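Notes for the one structure printed next.
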Amino acid sequence: MEHAVSNLVGTPVLLSILIVFPFLAALTVYPVRSARLQTLVVTLTGAVLIAASLLLIPRTPFTLSPKSLLGVDIHVVVETADFLLLFVFLHIGFKHNHTLIKILSVLQIVSLAYLDVRTMSGEHLRVAALYGDNLSLILVLVASIVGSIVCFQSIPYMKAHEEHLEVEKSTRRRFFCVLLLFLGAMNGVVLSNDMGFFHFFFEVTTLCCFLLIRHDGTPAAVANGLRALWMNSLGGFCLLLGMISVFTRLHALDLGRLIELSSKSGIYLVSVALLCFGAFIKSAQFPFQGWLLGAMIAPTPVSALLHSSTMVKIGVYLVLRLAPGMRGAFLSECIAVFGAFGFLAGAALAVGQSNGKKVLAYSTISNLGLILACAGLNTPEAFTAAIFLIMFHSVVKALLFLCVGTIEQRIESRDIEDMRGLCAKMPVTALITVSGVIMMIMPPFGLLLGKWMAIEATAKNLAVVVMVAAGSALTVVYWARWAGTLMSEPFAGRFFPERQPFLTWGALGSLVAGGGVMTVAAPWLYREFFTGILSPGYSPPYVVHGGGLENGWGAFPVLPLAVVAAIGFAVSIVALRRASRVRIVKPYLSGLQTDTPGMFLGPGNRPVKAEASNYYLSSIFGEKRLATLVNLAALVFLILILGAAL
Amino acid sequence: MIDTILVVAATLVAAPLLGGLISGLDRIATARLQSRVGPPVVQPFHDVIKLLNKEPVAVNVWQVFCAYAYLSASMIAVVLFALGSDLLLVLFTQAVGAVFLVVGALSSTSPYSLVGAHRELLQTLSYEPLLVLVAVGIYLQTGSFKIADTRAWGAPLLLKLPFLYAALGLVLTIKLRKSPFDLSTSHHGHQEIVKGLLTDYSGPFLAFVEIGHWFDVILLLWLCSLFWATSWTGMILLVAVTYALEVVTDNVTARMNWRWMLGYAWAMGLTLSVVNLIWLHVR
């Protein structure tokens with residue numbers, strides 16, 4: 001490890017830019033009332049973060065133990081800040097008179113204090129504070145690049161949002177402050193090796209999540225924010241219990257050493273299981289999905305940033321990080337089954353929804369479940385699938401959230417039924433949304449590449465592969481339905497692009513282009529990032545051959561397929577352009593058409609409006625029908641996981 | 001390289017010819033079962049040529065895009081199959097076609113088209129998991145998802161995967177739009193939702209959808225033939241018997257609703273598949 005540290009000139013600077021700088025930027029933006037200055041600070045911070053994360057690429061793996069921050073021992077700073085944070089939670093609990101938050105805050109404070117007493121009294125082994133390998137790097141890149149793009153888009157979004165709500169006193173500065181704070185904390189979480197640091201940053205993201213959900217201040221927003229707070233506090237408490245158990249064994253809160261230790265003994269697996277419970281809550285797995293669904297009340301950039309592309313990824317990141325430690329244990333297999341169940345249940349519940357944001361939320365839960373399933377399977381193939389899914393899901397889901405936000409501000413609804421014929425009103429946004437949907441479900445795009453890998457990796461685990469196969473079919477239903485609804489319209493004649501602020505087009509355009517470019521580059525991304533050290537104990541399972549990924553029993557020719565798909569697309573586009581000159585007729589309505597679109601002459605020559613709406617199959621896939629069952633089943637799986645650990 | 005180009009060219013020519021021919025034979029067999037004489041065997045080609053020569057009209061230009069995309073995806077899927085590529089990838093590519101067909105139907109505002117599109121989605125939902133599990137079964141038996149490896153496998157797969165083959169038969173009935181699963185659209189233009197999914201596809205664009213369907217049929221029958229890949233006689237016999245059973249099923253059953261289809265396909269199909277997969281695991 002010595003040589004790795006020695007040739008890292010400038011890495012400490014980069015890391016402080018990635019972690020500490022957003023905190024400072026957040027403090028800077030807080031007192032700023034001028035909209036222009038706010039824009040400046042946010043865009044500048046975003047640009048700096050993007051540059052710093054890209055510069056970090058050649059520097060992995062690294063470990064770093066900063067001694068002090070402004071002359072004070074950094075461990076003392078972080079521990080004090082962690083206590084302060086928990087007291088803030090307690091304060092929030094008292095302010096809103098929320099019993100659960102009070103109880104959980106007190107429990108967290110007590111266990112953190114207990115942990116501190118023990119670390120101080122015993123012979124405390126020095127632990128490297130920060131550690132970065134390619135897994136952390138990918139999450140840093142996601143948080144810094146996708147995160148910054150979402151922040152850029154939130155500038156015009158929040159302006160329109162406040163105009164729409166007709167707020168008297170702008171609270172945008174607070175919004176941007178929390179957003180920037182979050183970016184720093186997110187980078188901190190994935191780069192922490194000292195679990196005390198991990199817990200602190202984890203709790204900062206929880207606080208940011210609460211503040212952003214309750215941002216609009218309506219009673220519903222506050223209630224949903226509080227729900228997110230108590231559930232994630234429960235997650236934080238599970239982490240602390242896991243840390244106490246880890247300390248008992250290791251005499252150090254060292255994440256790296258915990259994984260290297262890899263044992264099948266009871267206490268080891270219990271620690272891992274407790275940490276995983278915290279991760280499941282953060283990733284909103286059933287039965288803790290409630291907080292993520294409630295979080296949809298927040299302004300849409302928040303959902304794009306925290307609730308799809310970054311914060312919820314902390315959970316799956318932690319499980320992936322811990323996976324090598326539990327390889328071969330029954331616990332790992334249980335997590336795979338639990339994850340696959342989440343994939344299936346999330347997809348089923350998404351089918352039953354007509355609310356666009358809820359569909360996105362369930363789809364996020366579902367995808368996180370699939371990533372967990374891959375982590376639990378614990379083979380190099382599954383691990384690769386999980387990382388592809390994380391990368392592409394972050395980009396595409398952020399894109400789709402931003403699209404829904406843009407659409408919502410125009411049509412004042414997030415219901416899919418109200419988006420019928422959107423391609424006549426907002427053709428560019430509708431097309432970008434459809435591209436996002438295509439990237440979610442179709443080859444050769446990255447998410448399908450990940451899903452393909454996942455199915456081939458799970459094929460030997462019967463329970464997992466059956467659930468993944470069924471979930472995958474359900475996924476196609478809700479996406480295809482949405483895409484078709486957007487394109488549904490009586491022919492409008494010509495294509496008039498709508499107007500949007502530059503930052504909105506920039507964000508949507510860069511995400512859609514990013515998804516496409518990353519897909520074509522997937523084999524090379526794989527070679528650059530996944531070979532070498534991905535995570536302890538994993539060697540790259542695929543070879544890059546002829547622009548595709550291949551192993552002994554499967555092949556996905558990414559580049560050839562992309563070329564062929566592009567040709568098919570080009571031919572279809574030419575056909576479309578030629579078709580704009582063909583005669584346009586009215587749809588078949590089983591009656592004489594009138595001059596008004598969608599009306600036909602019914603009985604007694606009276607005009608009748610032909611109406612139809614999508615199937616949402618709520619009698620089978622509705623929340624009322626499924627939610628209780630799913631929660632009970634998930635609870636059984638959690639008990640199974642705990643049982644497997646004991 | 002030359003080999004690859006030849007295979008691609010041969011597939012693109014042979015698949016639609018064979019698909020149309022099978023459709024013609026199907027019509028004759030069905031007619032005989034119903035005590036009719038039936039059309040000449042080349043009638044499907046006459047139909048498609050006639051459609052291609054009609055004036056192109058559309059309800060929404062996106063429907064034209066979708067018709068082309070459907071045909072392209074179906075062609076790519078069959079070509080990938082011919083090249084011996086990854087079976088799972090072939091199935092996903094084929095699903096792309098199915099999605100575009102649905103999106104095209106949804107782009108019309110006709111309620112018949114919309115209901116048909118949703119029924120088609122439910123049909124996809126019914127058969128898609130079964131297809132994936134068939135691929136998984138083949139992998140568990142042969143150790144590979146690559147079609148080339150499956151072709152080279154020494155013994156007929158049918159003997160090891162009989163229940164999965166039955167599940168595949170169920171998929172075939174749905175994909176061929178045969179009774180009792182001809183919900184989204186049927187061969188006759190007079191069901192309760194008129195022509196359903198295809199109501200507003202017309203002229204050359206309907207012809208493309210028809211040709212795309214031939215490609216899909218070829219893909220599935222080819223997949224069936226993999227279950228007896230050791231001899232040509234076995235392959236042809238297996239496919240012929242399977243198709244004959246499909247025609248008989250079509251003529252002796254009545255159309256059911258989507259609830260029944262989804263329940264039946266998942267309960268029956270998944271049970272068959274899982275039993276077979278467990279059997280492979282235990283062995």
Side-chain angles (χ1 to χ4, degrees), chain A residues 421 423 441-443 448 452 455-456 459-460 462 465-466 468-470 472-474 476-477 479-481 483-485 487-491 552-557 561 564-565 567-569 571-573 575-576 579-580 582-590 597-598 610-615 620, chain B residues 55-62 64-69 72-73 76 85-86 88-89 92-93 95-96 99 102-115 117-118 121-122 124-125 128-129 132-133 136 139-140 143-146 149 194 199-200 202 262 266 270 273-274 277-278 281:
Chain A
C423 65
I441 51 172
M442 286 186 188
L448 201 106
W452 166 82
I455 294 180
E456 298 210 344
K460 285 195 171 140
L462 189 58
V465 82
V466 170
V468 172
S472 172
L474 286 162
V476 172
V477 172
W479 287 124
R481 180 178 70 194
T485 309
M487 305 319 286
S488 162
E489 51 136 356
F491 182 67
W553 56 88
F556 196 107
L561 205 59
V564 176
I567 294 172
F569 181 77
V571 170
S572 310
I573 285 288
L576 181 146
S580 354
V582 308
R583 193 153 60 88
I584 295 300
V585 292
K586 287 177 177 159
Y588 179 77
L589 296 177
S590 198
E611 273 181 300
S613 65
N614 287 343
Y615 284 20
I620 302 180
Chain B
E55 182 204 353
V57 293
V59 290
N60 180 346
V61 285
W62 287 108
V64 177
F65 177 87
C66 290
Y68 272 84
S72 316
I76 295 171
S85 119
D86 194 288
L88 213 47
L89 182 63
F92 285 141
T93 310
V96 169
V99 169
V102 167
V103 171
L106 285 173
S107 72
S108 157
T109 46
S110 161
Y112 301 103
S113 193
L114 183 130
V115 173
H118 278 278
L121 273 181
L122 287 162
T124 318
L125 177 60
E128 197 64 26
V132 171
L133 292 182
V136 167
Y139 162 71
L140 288 179
S144 175
F145 279 100
K146 289 176 194 161
D149 294 344
V194 196
T199 303
D200 277 327
S202 63
L262 191 60
W266 278 39
L270 285 181
S273 316
V274 168
L277 291 177
I278 291 176
H281 266 285

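All values derive from a computational prediction rather than experimental measurement.
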Who wins among D200(B), T199(B), V102(B) for the most heavy-atom pairs under 4.5 Å with chain A? D200(B)

Output for pair (L106(B) CG, M487(A) CE), nearest 0.5 Å, gives 11.0 Å

Y615(A) side chain near L121(B) side chain, heavy-atom distance below 4.5 Å: no

Under 4.5 Å to a heavy atom of chain A? For L140(B) that would be side chain

CZ of F65(B) to CD1 of I573(A): how many Å apart, nearest 0.5 Å? 5.0 Å

Ignoring hydrogens, what is the shortest heavy-atom contact between V136(B) and A459(A)? Give both atom names and the distance. CG1-O, 3.7 Å

Which region of Y112(B), side chain (C-beta onward) or backbone (N, CA, C, O), has a non-hydrogen atom less than 4.5 Å from a non-hydrogen atom of chain A, or is it both or neither? side chain

Of the listed residues (L448(A), V571(A), V468(A)), which shares the most heavy-atom pairs with chain B below a 4.5 Å separation? L448(A)

For I76(B), is it the side chain, the backbone, both, or neither that has a heavy atom closer than 4.5 Å to a heavy atom of chain A? side chain

Does some side-chain heavy atom of L133(B) sit less than 4.5 Å from a side-chain heavy atom of V465(A)? yes

Bottom line for S85(B): the part with an atom under 4.5 Å from chain A's heavy atoms is neither

Look up atom CG in D86(B) and atom CG in L561(A), then write down how far apart they are to the nearest 0.5 Å. 11.0 Å

Would you sort out whether E128(B) and V476(A) count as a side-chain contact (heavy atoms from CB on, under 4.5 Å), showing the intermediate values? CA-CA 10 Å; E128(B) 197 64 26; V476(A) 172; 5.7 Å; no

Residue I567(A) versus chain B: region with a heavy atom under 4.5 Å: neither

Validation row: V582(A), V57(B) side chains within 4.5 angstrom (heavy atoms): no

Given the options A555(A), G421(A), A483(A), which has more heavy-atom pairs under 4.5 Å with chain B than any of the others? A555(A)

Interatomic distance, L114(B) atom CG to T485(A) atom OG1 [nearest 0.5 angstrom]: 7.5 Å

Test item: H118(B) and N614(A) side chains (from C-beta on) under 4.5 Å apart, heavy atoms: yes

Option among P111(B), S107(B), S110(B) that satisfies the side chain to side chain contact (heavy atoms under 4.5 Å, CB included) test with P587(A): S110(B)

Under 4.5 Å, counting heavy-atom pairs only, tell me which of H281(B), K146(B), E55(B) racks up the most with chain A. K146(B)

Pairs of heavy atoms under 4.5 Å with chain B: top-ranked of A473(A), A612(A), C423(A): A473(A)

Close side-chain approach of F92(B) to I455(A), heavy-atom, < 4.5 Å: yes

Against chain A, label I278(B) side chain, backbone, both or neither, depending on which of its atoms sit under 4.5 Å from a heavy atom there. both

Contacting region of S72(B) [heavy-atom separation from chain A under 4.5 Å]: side chain

So, do F569(A) and Y68(B) have ring centers that fall under 6.0 Å from each other? no

Please find the pair of heavy atoms, one from V96(B) and one from P443(A), that lie closest to each other, and give the distance. CG2-CD, 3.2 Å

So L89(B) and P557(A), do their side chains get closer than 4.5 Å, heavy atoms only? yes

Between D149(B) and G552(A), the two heavy atoms sitting closest are OD2-O, 4.4 Å

The interface call for V64(B) against chain A, heavy-atom contacts under 4.5 Å, is side chain

Take V274(B) and L462(A) through the side-chain contact (heavy atoms from CB on, under 4.5 Å) test and state the conclusion after the steps. CA-CA 8 Å; V274(B) 168; L462(A) 189 58; 4.3 Å; yes

